[in-house]
A.B. asks: 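Below is the structure I would like to discuss, written out as structure tokens.
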Amino acid sequence: MEVKDANAAMLSNYEVFKLLNDLKEQRKESGNKKNSAGQQNLNTIMYETLKYLSKTPCKDQSPEIVTKFLKAMVPQKLTKAEKLQLLNHRPLTAVEIQLMVEESEERLTEEQIEELLQTISSILPGSPDEQGGVQQQEEADMVVEEDGNQMDES
């Protein structure tokens, strides 16, 4: 096999996850148990990749969600690579957005970043653990602020 264009397209984690799961199902159905050393290495790579991706937000995504997300990102003036990173990583804070969007301080206002975070959290599914962690952090921040205000009044 020959690679004609190595950079023909970038794949999202969801697309890789779905592709590898489909290949895994095809192998189960074929029932071919004889594996060469190269095939065993490929099986290990597939297993490790699926294991990693099953712990990421892509496990809860679907083609409809990806399409809806990309349509919602059109007005944001982000590059394809930046949209892909947002889709793959599902950032929850402004700091995470700054790490994924090049020169975000110059390109995005605070309001645009908040709007971006709102769009991401409303369209892209997240794990309940992740949501709980954010909520706990917000509650902890509120407690610290309240304690700070009480100390100022004393």
Side-chain angles (χ1 to χ4, degrees), residues 1-33 35-36 38-142:
M1 182 165 74
E2 178 181 318
V3 177
K4 294 191 182 218
D5 187 1
N7 293 321
M10 295 181 280
L11 298 175
S12 69
N13 286 355
Y14 166 74
E15 293 167 311
V16 173
F17 186 66
K18 177 149 179 30
L19 175 70
L20 291 177
N21 273 324
D22 291 348
L23 286 172
K24 184 178 164 184
E25 289 302 316
Q26 286 176 359
R27 288 183 181 201
K28 280 183 182 177
E29 290 172 7
S30 71
N32 188 1
K33 297 296 179 187
N35 292 329
S36 66
Q39 189 65 40
Q40 287 176 343
N41 290 338
L42 181 59
N43 288 341
T44 302
I45 292 169
M46 283 178 57
Y47 171 78
E48 292 295 332
T49 304
L50 282 169
K51 183 177 166 184
Y52 167 75
L53 290 175
S54 67
K55 297 175 186 173
T56 66
C58 79
K59 72 181 181 307
D60 300 319
Q61 293 174 356
S62 68
E64 295 79 24
I65 290 172
V66 172
T67 302
K68 185 177 178 182
F69 174 76
L70 292 175
K71 284 181 181 176
M73 290 294 109
V74 169
Q76 295 293 337
K77 293 187 174 69
L78 299 171
T79 66
K80 288 180 184 179
E82 291 166 342
K83 292 175 191 175
L84 185 64
Q85 284 190 46
L86 296 175
L87 177 65
N88 286 342
H89 297 286
R90 196 183 182 278
L92 299 171
T93 65
V95 172
E96 290 174 300
I97 297 275
Q98 289 175 344
L99 293 171
M100 293 177 203
V101 177
E102 192 170 327
E103 298 176 352
S104 65
E105 297 84 14
E106 291 86 30
R107 292 173 52 200
L108 300 172
T109 65
E110 285 186 34
E111 292 81 22
Q112 289 173 315
I113 290 174
E114 286 303 318
E115 181 183 319
L116 196 56
L117 287 169
Q118 180 61 36
T119 303
I120 290 167
S121 63
S122 66
I123 295 175
L124 297 178
S127 67
D129 297 341
E130 200 173 77
Q131 295 294 340
V134 170
Q135 190 174 13
Q136 288 173 353
Q137 183 61 42
E138 288 173 355
E139 290 171 1
D141 291 345
M142 288 175 59

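The first residue in the sequence is number 1, and the count goes up from there.
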A.B. asks: What is the distance from atom CG of Asn13 to atom CD of Gln85, rounded to the nearest 0.5 Å?
C.D. replies: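 Interatomic distance, Asn13 CG to Gln85 CD, rounded to 0.5 Å: 10.5 Å.
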A.B. asks: Does any non-hydrogen side-chain atom of Leu117 lie less than 4.5 Å from one of Ile97?
C.D. replies: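 Ile97 vs Leu117: side chains touch.
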A.B. asks: Could I get the full list of side chain to side chain contact (heavy atoms under 4.5 Å, CB included) partners for Thr67, not counting sequence neighbours?
C.D. replies: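 By the side chain to side chain contact (heavy atoms under 4.5 Å, CB included) rule, Thr67 matches Lys71.
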A.B. asks: For Tyr14 versus Pro63, what's the shortest heavy-atom pair and its separation?
C.D. replies: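 Scanning both residues completely, I find the closest heavy atoms to be OH-CD, 2.9 Å.
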A.B. asks: First locate atom CG of Leu70, then atom NZ of Lys80, and finally report the distance between them rounded to the nearest 0.5 Å.
C.D. replies: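 Atom-to-atom, Leu70:CG and Lys80:NZ are 10.5 Å apart.
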A.B. asks: Has the side chain of Glu82 got a donor or acceptor atom that lies under 3.5 Å from a matching backbone atom of Glu102?
C.D. replies: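 Yes; at least one donor-acceptor contact below 3.5 Å.
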A.B. asks: Are Phe69 and Ile120 close enough that some pair of their side-chain heavy atoms sits under 4.5 Å apart?
C.D. replies: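 Yes; the side chains approach each other to less than 4.5 Å.
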A.B. asks: Go through the structure and list residues passing side-chain hydrogen bond (donor to acceptor under 3.5 Å, both in side chains) with Ser12, not counting sequence neighbours.
C.D. replies: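 Partners of Ser12 by the side-chain hydrogen bond (donor to acceptor under 3.5 Å, both in side chains) criterion, ordered by chain and then number, come out as Glu15.
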A.B. asks: Under a 4.5 Å cut-off applied to non-hydrogen side-chain atoms, are Ile113 and Glu110 in contact?
C.D. replies: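 Contact flag for Ile113/Glu110 side chains = no.
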A.B. asks: For Gln98, which residues count as a side-chain hydrogen bond (donor to acceptor under 3.5 Å, both in side chains) partner, sequence neighbours excluded?
C.D. replies: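 Residues passing side-chain hydrogen bond (donor to acceptor under 3.5 Å, both in side chains) with Gln98: none at all.
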A.B. asks: What do the steps show when you test Cys58 against Arg90 for side-chain contact (heavy atoms from CB on, under 4.5 Å), and what is the final call?
C.D. replies: CA-CA 9 Å; Cys58 79; Arg90 196 183 182 278; over 6 Å; no
A.B. asks: Ignoring hydrogens, what is the shortest heavy-atom contact between Leu87 and Gln61? Give both atom names and the distance.
C.D. replies: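 Shortest heavy-atom separation between Leu87 and Gln61 comes out as O-NE2, 3.2 Å.
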A.B. asks: The test is side-chain contact (heavy atoms from CB on, under 4.5 Å); show your working for Thr119 and Met73 and say whether it passes.
C.D. replies: CA-CA 8 Å; Thr119 303; Met73 290 294 109; 3.6 Å; yes
A.B. asks: Flag yes if more than 12 heavy atoms outside Glu48 fall under 6.0 Å of its CD atom; otherwise flag no.
C.D. replies: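 Above 12, so yes.
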A.B. asks: Is the shortest heavy-atom distance from the side chain of Arg107 to the side chain of Gln112 under 4.5 Å?
C.D. replies: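 Result no, sub-4.5 Å side-chain heavy-atom pair not found.
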A.B. asks: If you round to the nearest 0.5 Å, how far is CE of Met100 from OG1 of Thr79?
C.D. replies: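 Those atoms lie 12.5 Å apart.
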A.B. asks: If you take all heavy atoms of Pro125 and Pro57, which pair is closest and at what distance?
C.D. replies: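 In this case the closest contact between Pro125 and Pro57 is O-CB, 4.3 Å.
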A.B. asks: Run the side-chain hydrogen bond (donor to acceptor under 3.5 Å, both in side chains) test against Lys83 and tell me which residues pass, sequence neighbours left out.
C.D. replies: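 With sequence neighbours excluded, Lys83 shows a side-chain hydrogen bond (donor to acceptor under 3.5 Å, both in side chains) to no residue whatsoever.
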A.B. asks: Would you name the heavy atoms of Ser121 and Gln118 that are closest together and state the gap between them?
C.D. replies: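 So the two residues come closest at OG-O, 3.1 Å.
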A.B. asks: Measure the CD1-CD1 distance between Ile65 and Ile123 for me, rounded to the nearest 0.5 Å.
C.D. replies: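 Ile65 atom CD1 to Ile123 atom CD1 measures 9.5 Å (nearest 0.5 Å).
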A.B. asks: Begin with the C-alpha distance, continue with both residues' side-chain angles, and end with the deciding distance and a verdict on side-chain contact (heavy atoms from CB on, under 4.5 Å) for Leu116 and Leu86.
C.D. replies: CA-CA 10 Å; Leu116 196 56; Leu86 296 175; 4.2 Å; yes
A.B. asks: Have a look at Asn21 and tell me which of Val16, Leu53, Leu50 forms a side-chain contact (heavy atoms from CB on, under 4.5 Å) with it.
C.D. replies: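 With Asn21 as partner, Val16, Leu53, Leu50 yield a single side-chain contact (heavy atoms from CB on, under 4.5 Å), made by Leu50.
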A.B. asks: Just do the side-chain contact (heavy atoms from CB on, under 4.5 Å) check on Glu96 and His89 with the steps written out, would you?
C.D. replies: CA-CA 9 Å; Glu96 290 174 300; His89 297 286; over 6 Å; no
A.B. asks: Under the rule for side-chain hydrogen bond (donor to acceptor under 3.5 Å, both in side chains), what residues qualify as partners of Ser54, not counting sequence neighbours?
C.D. replies: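 Per chain and number, Ser54 pairs via side-chain hydrogen bond (donor to acceptor under 3.5 Å, both in side chains) with no residue.
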A.B. asks: Nearest 0.5 Å please: distance from the NZ atom of Lys28 over to the CG atom of Leu23.
C.D. replies: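 Answer rounded to 0.5 Å: 13.0 Å.
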A.B. asks: Output the distance between atom CZ (Phe17) and atom CG (Asp60), rounded to the nearest 0.5 Å.
C.D. replies: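 Output value for this atom pair is 9.0 Å.
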A.B. asks: Excluding sequence neighbours, so at least two apart, what forms side chain to side chain contact (heavy atoms under 4.5 Å, CB included) with Asn43?
C.D. replies: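 Applying side chain to side chain contact (heavy atoms under 4.5 Å, CB included) to Asn43 gives Arg27, Asn35, Gln39.
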